[in-house]
Amino acid sequence: MPSNDVRILAQAAVPTVAVGAIAAVVSGVVAGGKGAIGAVVGTVIVIAFMGIGLYVLQRTAKSLPQLFQAMGLMLYAAQLLLLFVFMAAFKNTTLFNPRAFAVTLVVATLAWIAAQTRAHMKAKILYVEPDSAASATSSKSEKSEKSGHSS
């Protein structure tokens, strides 16, 4: 992953981990140990899904830029659907508190999306690769020199 991608991943994951830690403490106080476990599981699931989604989206942007927007919309819809499936699947579990799990899943997802949006807005991502612009300029000057014109 290039440094911009890693920076955006870190800027989205760190606030999500912080929100998950706060949710674990609050859930632990409100619902006991099972509440804290539910909050931790919810946070881990959000970070895994959203992190993998960001990775896939960045790979798509580099290899198939024409599909970037459509892939982003499809990816977010799929992620939210999978998170909903996880909430429904663990609705009646006894491993952890399902309410703490569900609330943390929603809050951590919103934190990730807000942090990722902020990271993308603050990132200084070049629209044109500097190497390709320099090579295009040098090839134009070579063509004009061969034809007898000077720039």
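All values reported here derive from a predicted model rather than from experimental measurement. All values below come from the heavy atoms of this structure, side chains included, with hydrogens, waters and symmetry mates left out. Positions are given from 1 along the sequence.
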Co-membership, hydrophobic cluster, residues M74 and I52, 4.5 Å side-chain: yes
d(K122 NZ, T117 OG1) to nearest 0.5 Å is 13.5 Å
Of all heavy-atom pairs linking G51 and L9, the shortest is CA-CD1, 4.1 Å
Q.
With a 4.5 Å cut-off on side-chain heavy atoms, are I37 and L95 touching?
A. no
L83 and M50: CA distance, side-chain angles, deciding distance, side chain to side chain contact (heavy atoms under 4.5 Å, CB included) verdict:
CA-CA 10 Å; L83 290 173; M50 295 300 189; 4.2 Å; yes
Partner of V106 under side-chain contact (heavy atoms from CB on, under 4.5 Å), picked from T109, V103, L110, is L110
For G20 and T43, the nearest pair of non-hydrogen atoms, with its separation, is CA-OG1, 3.1 Å
Treating Ile, Leu, Val, Met, Phe, Trp and Tyr as nodes and any side-chain heavy-atom pair under 4.5 angstrom as an edge, say whether L82 and W112 lie in one connected cluster. yes
Exercise. Apply side chain to side chain contact (heavy atoms under 4.5 Å, CB included) to the pair M71 and L57, showing each step before the final yes or no.
Key: CA-CA 7 Å; M71 183 69 168; L57 195 59; 4.1 Å; yes
Once the angle between the rings of F101 and F90 is folded into 0 to 90°, is it parallel (under 30°), tilted (30 to 60°) or perpendicular (over 60°)?
perpendicular
Heavy atoms of L105 and G42 approach each other most closely as CD1-O, 3.4 Å
Heavy-atom closest pair (K34 atom, F96 atom, distance to 0.1 Å) is O-CB, 3.4 Å
Quiz item: Any link between V40 and V17 through a network of hydrophobic side chains (Ile, Leu, Val, Met, Phe, Trp, Tyr) touching at under 4.5 Å?
Solution: no
What one should report as the nearest heavy-atom pair of G53 and L75 is O-CD2, 2.9 Å
_Would you say that more than 12 heavy atoms from the other residues, nucleotides or ligands in this model lie under 6.0 Å from the CD of Q69, or not?_
no
- Query: Going hydrophobic residue to hydrophobic residue with side-chain gaps under 4.5 angstrom, can you get from V41 over to M87?
  - Reply: yes
Short side-chain to backbone donor-acceptor contact, Q11 and Q116, under 3.5 Å: no
So do the side chains of F86 and F49 get within less than 4.5 Å of each other, counting heavy atoms only? yes
Could you see if I45 belongs to whatever hydrophobic cluster contains L54? Use Ile, Leu, Val, Met, Phe, Trp, Tyr and a side-chain cutoff under 4.5 Å.
yes
On a heavy-atom basis, the closest approach of A39 and S27 is CB-OG, 3.9 Å
